[in-house]
Amino acid sequence: MPELPEVETVVRGLRAPLVGRTITGLWTDWPKALRPHTPDDFAALLTGQTVHAITRRAKYILCQLDDGLLAIHLKMTGRLYVSGAPESGDRWVHVRFTLDNGQYLHFSDARRFGRVYLAPTLDDFAPGLGPEPLEDDFTPAVLRDRLARRQRALKALLLDQAFLAGVGNIYADEALFRAGLHPRRAASTLTDDETHRLYDSIRAALRAGIDYEGASVNWYRKPDGTAGKSQEHFFVYGRDGQPCARCGQPIIKIRVAQRGTHYCPNCQPER
DNA sequence: ATATCTGCCTGCTCGC
DNA sequence: TGCGAGCAGGCAGATA
C-alpha cells in the first residue's frame, strides 16, 4: 500500500523521465479515475502542458504544469512507470499519458481506487491535510498540541490525513511499536516523554521506509519495476505470530479503527 | 464539533 | 480442480 515512503520513492523515480517533458496525449478506459473532468475535457486541458517539477504532499504525487497541477493518488494498488511502448502488457493500465519524446507514462491500478486530478491547486481536491511529518515545521510541540483533548485511539489518529499527512496502516503500526505505545491508547493521555517518543518514532519509521525505497508487501513497485526493501525491516506489520525482534514474545494482530493492527503486547502494554 | 460506519473495487488466499 | 467466502484498506461521503 503506497504510503509516504512509497510515494516519495515513486516521485524520486519519476523526476528524471518526466521533468521537462510535454504531455501530448491522454488515453483511459476508466473515466472515473479522472477528476473532476470528463476524459475529453481532461485531455484538452492537459495536452500541450509541460511538467516543470514533481513533488509530494501527503500521499499525492504532484506534477507542476505550465498552468495548474496534475496530481495522482495511487490508493491501494496504483503503479506509475514510463516506457517506450503504449502497450506494456499490463492488464491493469487504466490511464496512459503520451509524452513528447515518444515515451508513455502508464498508470496501472488493479483495484481501480486510484485517482488522477487536474486542478489549479492542491486545495481544490485535497483540502485540510495535516502537517507533513518530515518537514521542519512539524515539531514535538505541534504533535503535542494536536494530540491534546483528542479521545481517539493513537492508531486511528495516525491514519487520519487531517491529523497527520502521509502515514498509512504499515507505518502507523511500525511507529507505534518503535514508540512502545499501544495502538488503542487514547491520544490525550500521553505524557510529554511519550509524545516525544511518538514524534521521534513516526519520523524514524518513515525515514527508514524511504531509505529502503518503500514496502513491496504486495502491489507496490518502484517506477523501474523493482521491489522496495522496507518490508524486510518491519518490526510488527504482517508479522503476527512471529517473535518480536526486541523481546521474543509473539506479535499479535487485532482490529483498531476497522484496520488490521499489529503490535507486541509486551513492548506496547495497554497502559 | 468529533467519531464511526459504508461503499468503492478486485486480486488473492483459504477451506471445502 | 473448482468455487465461494473473506480479506486487504485509503479516502469520500454519510451517519450518529
So what does [X] touch, heavy atoms closer than 4.0 Å: a base, only the sugar-phosphate, or nothing?
{"X": "A/R35", "value": "nothing"}
{"X": "A/R91", "value": "sugar-phosphate"}
{"X": "A/Y171", "value": "nothing"}

Among [options], the nucleotide that comes nearest once only the side chain of [X] is considered:
{"X": "A/E3", "options": "B/dA3, B/dG11, C/dG10", "answer": "C/dG10"}
{"X": "A/Y60", "options": "C/dG10, C/dA12, C/dA8", "answer": "C/dA12"}
{"X": "A/R152", "options": "B/dC8, C/dC11, B/dT4", "answer": "B/dT4"}
{"X": "A/R150", "options": "B/dA3, C/dG10, B/dT10", "answer": "B/dA3"}
{"X": "A/Q258", "options": "C/dG10, B/dT4, C/dA12", "answer": "B/dT4"}
{"X": "A/W92", "options": "B/dC8, B/dG11, C/dA8", "answer": "B/dG11"}
{"X": "A/W219", "options": "C/dA8, B/dC12, C/dG10", "answer": "B/dC12"}
{"X": "A/R111", "options": "B/dG11, B/dT4, C/dA8", "answer": "C/dA8"}
{"X": "A/Q151", "options": "C/dC11, B/dA3, B/dC8", "answer": "B/dA3"}

How close or far is atom [atom2] of [N] from atom [atom1] of [X], stated in whole angstroms?
{"X": "A/F125", "N": "C/dG10", "atom1": "CZ", "atom2": "P", "value": "19 Å"}
{"X": "A/K155", "N": "B/dT4", "atom1": "NZ", "atom2": "P", "value": "14 Å"}
{"X": "A/Y117", "N": "C/dC11", "atom1": "OH", "atom2": "C1'", "value": "8 Å"}
{"X": "A/Q161", "N": "B/dT2", "atom1": "CD", "atom2": "P", "value": "17 Å"}
{"X": "A/L159", "N": "B/dT4", "atom1": "CG", "atom2": "P", "value": "12 Å"}
{"X": "A/H94", "N": "B/dC9", "atom1": "NE2", "atom2": "P", "value": "11 Å"}
{"X": "A/D160", "N": "C/dC11", "atom1": "CG", "atom2": "P", "value": "10 Å"}
{"X": "A/D173", "N": "C/dG10", "atom1": "CG", "atom2": "P", "value": "10 Å"}

Geometric cation-pi criterion, A/R221 with A/Y81: 6.0 Å, 45°: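 Relative to the ring axis of A/Y81, which defines the angle, A/R221 lies outside at least one limit.
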Side-chain heavy-atom pair A/L14, A/L105 within 4.5 angstrom cut-off: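 A side-chain contact under 4.5 Å exists here.
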A/H73 vs C/dC11: side-chain N/O to OP1/OP2 distance below 4.0 Å: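 True: A/H73 side-chain N/O within range (under 4.0 Å) of C/dC11 OP1/OP2.
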Distance below 4.0 Å between A/K75 side-chain N/O and B/dT10 OP1 or OP2: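 No, no such contact exists.
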Nearest heavy-atom neighbours spanning A/K59 and A/L4: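 Smallest interatomic distance, heavy atoms only, reads CG-N, 4.3 Å.
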Of A/A126 and A/M76, the one whose closest DNA chain C nucleotide lies more 5':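 Result: A/M76.
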A/Y237 and A/F234 aromatic ring geometry - parallel, tilted or perpendicular at 30°/60° bounds: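 Taking A/Y237 first and then A/F234, their aromatic rings stand perpendicular (interplane angle over 60°).
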Aromatic plane relationship, A/H233 with A/Y212 - under 30° parallel, 30 to 60° tilted, over 60° perpendicular: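 Aromatic pair A/Y212/A/H233 classed parallel.
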Partner of A/H94 by side chain to side chain donor-acceptor pair (under 3.5 Å), out of A/T28, A/D109, A/D29: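 When side chain to side chain donor-acceptor pair (under 3.5 Å) is applied between A/H94 and each of A/T28, A/D109, A/D29, only A/D29 qualifies.
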Quiz item: A/R259 side-chain donor-acceptor pair to C/dG10 base, under 3.5 Å: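 Side chain to base: pair found, below 3.5 Å.
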Residue met sooner reading DNA chain B from 5', once A/R115 and A/L157 are mapped to nucleotides: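 Its nearest nucleotide lies further toward 5', so the answer is A/L157.
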